[in-house]
Amino acid sequence: MRSAQGEIAHFHSERDVDLRLTDRAVRRFAKDLRGSDAIRVVPGSQWVTLRLDAASDVDLLLTLVSVALQAQQTWPDPADRAVVGCNDQRGAGFVKADLGGL
């Protein structure tokens, strides 16, 4: 999924989604995001990874897509920094963690 400002979301598996919320949105919602077992937050990343294990996780995904769309239009990065790769590309996605246990 993309907006005029760039990519917003993509799947890494049937259950793992990366969402680009922007630095400012991640900081603003950090406490709430870290409080969920379904979300992986990587320090310094504009991306959060969401694991879809239950229907409530799909509801959370829809809410966070809305936040991501609003964040990219309302809260642009003041430093206008380039977007760095998603959490999976940083080796911090759920898929990478799951494969390590096999």
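To the nearest 0.5 angstrom, Leu19 atom CG is 6.5 Å from Leu50 atom CG. Rounding to the nearest 0.5 Å places CZ of Arg28 at 10.0 Å from OG1 of Thr22. To the nearest 0.5 Å, the span separating NE2 on His12 from CZ on Arg51 amounts to 12.0 Å. Interatomic distance, Leu61 CG to Ser56 OG, rounded to the nearest 0.5 Å: 11.5 Å.
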Evaluate side chain to side chain contact (heavy atoms under 4.5 Å, CB included) for Thr49 paired with Val17, printing each intermediate quantity in order. CA-CA 6 Å; Thr49 303; Val17 183; over 6 Å; no

Using side chain to side chain contact (heavy atoms under 4.5 Å, CB included), reason through Phe29 and Val41 one step at a time and then give a plain yes or no. CA-CA 11 Å; Phe29 298 108; Val41 178; over 6 Å; no

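When atom types are taken as modelled, the side chain of Asp57 and the backbone of Asp53 share a donor-acceptor pair closer than 3.5 angstrom. Using modelled atom types, one side-chain atom of Thr63 and one backbone atom of Asp59 make a donor-acceptor pair closer than 3.5 Å. At distances below 3.5 Å, not a single donor-acceptor pair connects side-chain atoms of Arg40 with backbone N or O atoms of Val48.
Closest approach of Leu60 and Ile39 over heavy atoms only: CD2-CD1, 3.6 Å. Closest heavy-atom contact between Trp47 and Ile8: CZ3-O, 3.9 Å. Across all their heavy atoms, Gly44 and Asp23 have their closest contact at O-OD1, 4.3 Å. Looking at every heavy atom in both residues, Ser45 comes nearest to Val26 through O-CG2, 4.0 Å. Looking at every heavy atom in both residues, Glu7 comes nearest to Arg20 through O-NE, 3.0 Å.
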